[in-house]
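Inspection log for the structure reproduced underneath, given as structure tokens.
Numbers here are sequence positions counted from 1.
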Amino acid sequence: MGLVRNLTSSEIIGQVIKGIEVSRRENMPPLKNIVFMGMGDAGRNMQSVNESLLCLVDRERMSLAQSKITVSTVGPSPESFLTLASMPGTLAW
């Protein structure tokens with residue numbers, strides 16, 4: 001099918017919130033790790049990825065540890081690697 005569009009930051013956060021809701025409802029272990037992978041390339045959606053990362057680590061909002069967030073990318077350019085590396089979380093490629 002290919003890429004139709006990039007997710008917005010609200011849609012990304014919505015997926016995290018849904019994961020938290022499901023894990024609580026099903027009595028699963030609490031959600032502790034987040035991996036940005038398999039929903040389009042983060043390097044091609046940097047604004048929404050950055051906005052959602054800032055929300056996830058903000059103590060007033062989601063308050064997740066930066067060390068528990070991984071952003072996976074194939075990186076469309078060397079500049080995108082540098083930009084993603086400056087965002088909260090760990091960069092994987």
Side-chain angles (χ1 to χ4, degrees):
M1 181 173 183
L3 178 68
V4 175
R5 67 178 181 82
N6 287 314
L7 296 177
T8 65
S9 57
S10 296
E11 290 170 321
I12 296 169
I13 295 301
Q15 289 184 349
V16 174
I17 291 169
K18 188 65 170 178
I20 292 169
E21 289 173 354
V22 169
S23 66
R24 286 180 181 160
R25 183 182 68 232
E26 300 298 324
N27 295 316
M28 299 167 68
L31 190 69
K32 293 184 181 178
N33 297 298
I34 305 291
V35 179
F36 284 67
M37 181 180 189
M39 55 182 189
D41 191 276
R44 298 184 191 278
N45 191 19
M46 288 192 281
Q47 181 176 343
S48 292
V49 168
N50 187 49
E51 289 171 3
S52 60
L53 287 169
L54 293 172
C55 177
L56 290 171
V57 301
D58 186 333
R59 289 183 153 319
E60 300 293 320
R61 295 187 275 177
M62 301 295 291
S63 196
L64 295 171
Q66 289 187 34
S67 63
K68 299 292 186 177
I69 302 171
T70 302
V71 178
S72 178
T73 183
V74 294
S77 69
E79 293 81 20
S80 68
F81 280 116
L82 295 173
T83 302
L84 288 167
S86 70
M87 296 178 189
T90 301
L91 180 61
W93 66 92

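Note: N33 CG to L31 CG = 7.5 Å, rounded to the nearest 0.5 Å. Distance CZ/R61 to CG/L54: 7.0 Å, rounded to 0.5 Å. The OG1 atom of T90 sits 8.5 Å away from the CD atom of Q66 when rounded to the nearest 0.5 Å. With values rounded to the nearest 0.5 angstrom, K32 atom NZ is found 11.5 Å from S67 atom OG. Atom CG of L84 sits about 7.5 Å away from atom OG of S86, to the nearest 0.5 Å.
For the side chain to side chain contact (heavy atoms under 4.5 Å, CB included) test with M46, the passing option among M87, E79, E51 is M87; the others fail.
Side-chain contact check for I17 versus M62: some heavy-atom pair is nearer than 4.5 Å. Annotation: side chain of N50 is in contact with side chain of P88 (closest heavy-atom distance under 4.5 Å).
The minimum heavy-atom distance linking S80 with G43 is given by the pair CB-O, 4.1 Å. Here the closest heavy-atom approach between residue I69 and residue V57 is recorded as CD1-CG1, 3.7 Å. In terms of heavy-atom proximity, A42 sits nearest to S72 at CB-O, 4.0 Å. Of all non-hydrogen atoms in P29 and S23, the two that sit nearest each other are O-CB, 3.8 Å. Pairing each heavy atom of T8 with each of E11, the nearest pair is N-OE1, 2.8 Å. Of all heavy-atom pairs between V74 and D41, the closest is N-OD2, 2.9 Å.
R24 CZ: 12 or fewer foreign heavy atoms inside a 6.0 Å radius.
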field: N45/F36 under side-chain contact (heavy atoms from CB on, under 4.5 Å): CA gap, chis, key distance, verdict
entry: CA-CA 11 Å; N45 191 19; F36 284 67; over 6 Å; no
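A continuous path of ILVMFWY side-chain contacts below 4.5 Å connects I20 to I12, so both sit in one hydrophobic cluster.
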